[in-house]
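One structure is given below, encoded as structure tokens.
These figures come from a predicted structure and were not determined experimentally. Note on naming: letters A, B, ... go to the chains in the order of the sequence lines (proteins, then strands), and numbering restarts at 1 for each one.
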Amino acid sequence: MLNLGFVVRRLLQIIPTFAFILVVTFVIVRLLPGDPLSAMAGDRVTDAQVLQAKAELGLDKPFIVQFIDFTERVATGDLGRSFVVQIPVVNLISQRLPPTLLLTGMATVLAILLAIPLAFISALRRDRAADMAIRGVFQVGLSMPVFYIGLLLLTVFSAQLQWFPVGGYGDNWGDRFYHLFLPALTLAMSLAAVLMRNLRSAIVDVLNAEYVDFARAKGLMPRIILGRHVLRNALISTVALLGPMVGTLLGGAVITESVFAIPGVGRLMIDSIYGRDYPVIQGLTMALAVVVSLIFLATDLLQAALDPRVAK
Amino acid sequence: MTAIDPITAMTPAPAKPVAAGRRRRFSSTFLAGAAILILSALLALFPQMFAPYNPTAFDYKAILKGPSLAHPFGSDNFGRDILSRTIWAYRIDLQIALFGTLFPVIFGTLVGAVVGYIGGWLEAVFGRIVDAIVTFPFLVLVIAIVAVLGPGLFNLYIAVSIVGWVFYAKLIVAEFKVQKRLDYAAAARVMGYSTGRIVLRHLLPNAMTGALVYWMTDMALCILLGSSLGYLGLGAQPPTAEWGVLIADGKNYMKTAWWISVFPGVAIVLTGLGFSLLGDGLADMMRAKQ
Amino acid sequence: MNQEPIRTGYAGDAGLSVRGLTTRFVRGRDSVTAVDHVDLDLYPGEVLGLVGESGSGKSLTLRSLLRLVRSPGVVEGSVVWKGRNLLALPEAHLREVRGRDIALIFQEPMTALNPVMTVERQIEESLSAHSGLSSRERRARAIELLDMVGIPAAADRLSDYPHQFSGGMRQRVMIAIALASNPKLLLADEPTTALDVTIQDQILKLILNLRERLGMSVVLVTHDLGVVAQTCDRVAVMYAGRIIESGPVAPVFARPAHPYTRGLLGSVPHGGRERQPLVSIEGTPPSLGAMPPGCAFHPRCNFRIEACTQQRPELVEIGQGRANACLRYKDLAGLEAA
């Protein structure tokens with residue numbers, strides 16, 4: 001199904017992307033105004049101590065040397081230490097990444113589960129009551145900020161009905177799914193709205209396509225036509241969307257983690273930006289950029305597997 | 001006499017042709033959106049005419065009261081009237097929608113026009129950079145910039161502008177790519193019109209339609225972004241009444257005084273819907289013209 | 001409408017007998033008639049050409065035969081095939097007829113074939129639905145079919161996708177898919193219109209060849225009179241949703257008995273004769289929502305008389321296996337074709 005040449009070529013494209021990420025992160029963090037050392041030091045240090053810290057961090061060396069040092073360190077997995085918490089950045093990130101990944105993963109699955117059947121109903125009953133109702137609800141959902149949805153769900157289902165815990169992350173795997181369900185649902189709403197709209201439009205296009213007519217002329221049963229011809233082709237147009245959605249998902253995750261007090265990478269990002277914790281900002285940016293590129297790679301490969309026209 | 005099979009029955013009918021003589025100039029979605037926005041604009045421009053109370057007035061006799069005739073949206077922990085605060089916040093949030101998108105529209109369109117017209121290697125390079133930026137979480141970028149500059153509305157506008165123009169540029173570049181090749185562009189070149197004139201008077205008006213529709217959506221997104229930052233404490237600063245800030249004010253009272261957070265949220269949804277409907281309606285009308 | 005039956009319904013082995021086929025598009029209280037009381041007969045092994053301008057309703061007629069018209073289209077009338085009226089069959093039974101007894105091929109293979117399914121899969125789909133063959137047998141049959149339509153290295157091409165074939169080859173693939181279950185009737189909707197002239201020729205020869213080998217009958221829809229002359233035994237001419245003339249090809253082309261047919265023939269350049277100016281028919285076909293009273297063609301007709309604007313001519317037998325819908329056919333029959 002997958003052209004091996006295409007896969008290899010796509011994998012190789014990752015390398016320049018990673019290099020680009022390295023350079024950009026390095027440059028951006030060093031360009032940010034605000035002295036990193038004052039953040040770390042507070043007012044109780046002397047100038048001599050500041051100079052010493054500078055030398056330690058290599059901040060007095062020329063840019064190029066700094067960059068080479070930086071690259072070496074990254075290659076060995078040393079991303080520095082957080083100014084604020086004095087833990088190696090790598091450890092910090094690896095602690096906080098799983099909750100975010102789990103949250104966004106669950107949100108994606110929920111969104112797909114919501115979007116596909118509703119998109120089908122909407123497309124097949126186009127312009128009739130069911131379609132209008134579904135699209136109306138989703139339109140309203142799209143206009144609601146993520147924190148608002150989260151707050152409402154939290155209040156109704158956790159505080160009032162007590163069906164779900166009020167935020168937090170949970171202790172073991174089973175517990176985690178339970179804690180993350182509401183936050184994932186919150187994130188899933190906006191994602192599902194966009195997915196549904198595009199999937200519906202794709203299904204409508206496919207339903208009108210000639211190959212559906214041809215399939216009917218062959219005497220195939222409607223459910224085979226719907227499942228095999230319509231769904232597959234519609235999915236292909238939608239998978240192309242998944243990649244760019246990652247950006248929105250991460251943004252939403254940041255807010256959701258705030259509302260539900262989840263110890264994830266989103267909150268870490270905000271806290272570290274506020275606290276001017278440069279090593280963490282740097283490490284996080286790189287980690288996130290890498291994760292996003294990998295997700296793009298995965299969706300590209302998925303698309304190529306589904307659509308033979310892509311891998312040429 | 002003939003049974004209609006399930007797929008035929010389910011397959012959508014082709015678009016209804018407009019009956020001759022009943023052609024409407026404005027689609028109903030457009031009108032609905034416009035109605036909401038006009039109402040919003042009125043509330044933003046003349047809040048004193050609509051708000052029953054002073055938004056900052058404390059009233060210790062009416063703390064945490066639920067919706068009632070005296071306070072249709074209830075009151076908060078200082079006795080302030082939520083309806084009035086929500087109304088006074090209209091001017092702030094609509095401002096956010098406007099200022100957060102103005103620079104991106106103008107700057108992005110100009111850059112897009114230049115890159116789109118020149119094309120070639122410039123377009124290729126630009127495209128790559130733009131794709132890299134666009135895929136990065138918008139919210140995170142904005143938060144980062146705001147954190148560096150310091151919280152506040154003005155810095156919010158700067159942050160959004162720095163990142164937001166890229167989307168418009170991308171749109172315009174794509175449109176120009178198409179428009180450049182059309183016959184009327186070739187005709188203009190043959191007539192010897194200057195490049196500037198071709199770009200500004202011929203290509204741009206045609207390319208802008210997509211950007212205009214996106215602008216509507218963008219304004220809705222801007223309000224969402226602005227209120228999100230307000231909620232996080234990074235946007236409008238108290239005591240400025242902004243919907244996100246108002247919602248944050250009530251987040252610890254959700255069980256006992258849900259109205260503090262819920263009603264401002266409704267305003268966000270309504271206004272966002274207004275922009276979306278306007279944008280969709282515009283898109284419908286432009287498609288109908290073609 | 002009272003119609004004189006042209007022949008009694010032919011319920012024979014490969015025979016198709018269509019009476020009063022009417023397809024309307026209904027929106028609220030308005031309806032537009034795109035196929036207007038069409039009568040056709042097809043004998044076993046025969047190739048019938050259905051000819052007309054674009055918009056004359058010929059493609060729609062084909063789809064109406066199998067009740068493949070999308071809503072808001074409504075099909076009425078009778079289409080008798082092997083003794084059963086297809087239009088009165090419940091959907092499940094009609095599905096058995098489609099693809100198995102009667103096959104339909106489209107004009108543009110690039111849009112008619114699913115771009116993300118292999119050729120093998122698309123053939124096999126038809127076989128799964130209509131035959132009880134095992135998967136190995138289906139594969140063997142698929143290779144046999146691709147071979148039969150002239151695709152070289154058939155076994156290797158099974159796992160290819162439609163976009164990997166050239167235009168002519170794709171059309172052959174579509175024919176292979178259509179013939180998977182050995183249908184007795186092939187409905188071909190402008191199968192060569194989208195192809196180069198040289199490829200056209202090959203495809204037409206292929207269709208005739210297959211007709212011989214498999215004992216099929218064919219209804220060939222086209223706007224090209226040359227194609228009709230080359231491949232068809234009989235021809236039916238459509239105008240504004242109505243059949244206005246039908247009969248064996250040679251006599252109809254030599255002595256057309258309807259002004260429209262005369263006009264069509266006159267507008268085709270003839271080789272090997274004295275140079276004559278091309279005759280084109282003035283005007284354009286009527287819009288289906290605003291049909292003229294009486295004969296649909298009268299506004300453009302050089303032979304019209306008063307009666308033509310009042311009564312609609314019925315399709316009547318005029319001997320020698322020909323039928324005609326013109327009040328003045330007797331006058332025309334005497335003239336040579338232009």
Side-chain angles (χ1 to χ4, degrees), chain A residues 1-6 123-131 199 202-241 299-312, chain C residues 59 62-63 65-71 89 91-119 121-131 159-164 173-174 177-181 183 186-189 194:
Chain A
M1 258 204 315
L2 266 185
N3 180 357
L4 195 60
F6 176 77
L124 290 174
R125 305 248 176 285
R126 192 169 97 154
D127 290 337
R128 281 187 270 169
D131 179 26
L199 195 54
I203 294 178
V204 166
D205 285 341
V206 170
L207 279 176
N208 283 325
E210 268 226 318
Y211 53 83
V212 169
D213 279 334
F214 189 54
R216 284 182 67 207
K218 284 200 289 199
L220 300 178
M221 291 195 288
R223 62 181 164 85
I224 292 191
I225 299 182
L226 277 181
R228 199 183 291 152
H229 290 262
V230 175
L231 180 59
R232 189 152 173 218
N233 290 57
L235 273 180
I236 286 174
S237 343
T238 318
V239 166
L241 278 181
T299 49
D300 273 356
L301 290 178
L302 183 61
Q303 236 195 323
L306 287 176
D307 184 354
R309 291 170 291 182
V310 166
K312 281 186 75 185
Chain C
S59 296
L62 230 50
R63 290 174 199 233
L65 292 177
L66 286 179
R67 223 164 69 197
L68 278 174
V69 176
R70 291 178 183 265
S71 145
L89 283 181
E91 184 64 14
H93 293 191
L94 188 52
R95 272 204 296 272
E96 281 168 36
V97 172
R98 289 181 191 146
R100 176 155 53 170
D101 290 343
I102 305 183
L104 174 56
I105 59 177
F106 291 43
Q107 177 177 332
E108 179 48 76
M110 200 56 232
T111 51
L113 297 177
N114 191 332
V116 305
M117 279 172 70
T118 62
V119 156
R121 198 80 182 80
Q122 300 196 49
I123 297 181
E124 193 217 25
E125 207 178 29
S126 187
L127 291 171
S128 295
H130 296 296
S131 74
S159 50
D160 282 347
Y161 293 89
H163 66 263
Q164 291 172 280
V173 167
M174 182 151 68
I177 297 177
L179 299 183
S181 305
L186 176 65
L187 304 174
D189 188 357

All side chain to side chain contact (heavy atoms under 4.5 Å, CB included) counterparts of T299(A), not counting sequence neighbours: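 Partners of T299(A) by the side chain to side chain contact (heavy atoms under 4.5 Å, CB included) criterion, ordered by chain and then number, come out as L242(A).
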
Heavy-atom pairs under 4.5 Å with chain A, option from Q122(C), E96(C), R100(C), E108(C) with the top count: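 Among the listed options, the one with the most contacts to chain A is Q122(C).
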
Under-4.0 Å salt bridge between E210(A) and R70(C):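 Looking at R70(C) together with E210(A), the answer is no, because their closest N to O distance does not fall below 4.0 Å.
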
Non-neighbouring partners of Y211(A) that pass ring pair (Phe, Tyr, Trp, His ring centres under 6.0 Å), sequence neighbours left out: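 In terms of ring pair (Phe, Tyr, Trp, His ring centres under 6.0 Å), with neighbours along the sequence ignored, Y211(A) is linked to no residue.
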
Reported OG-to-CG distance for the pair S126(C) and L220(A), which is rounded to 0.5 angstrom: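 Those atoms lie 6.5 Å apart.
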
Point-to-point distance, once rounded to the nearest 0.5 Å, from CZ of F214(A) to CG of N114(C):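 The CZ atom of F214(A) sits 11.0 Å away from the CG atom of N114(C).
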
Which atoms of A103(C) approach chain A - backbone, side chain, both or neither, heavy atom under 4.5 Å: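 No part of it gets close to chain A.
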
Non-hydrogen side-chain atoms of R95(C) and R216(A) separated by less than 4.5 Å: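 Counting from C-beta outward, R95(C) and R216(A) never come under 4.5 Å.
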
Any side-chain heavy-atom pair of D213(A) and L68(C) under 4.5 Å: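 Counting from C-beta outward, D213(A) and L68(C) never come under 4.5 Å.
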
Verdict with supporting geometry, H229(A) and E125(C), side chain to side chain donor-acceptor pair (under 3.5 Å): CA-CA 11 Å; H229(A) 290 262; E125(C) 207 178 29; 2.7 Å; yes

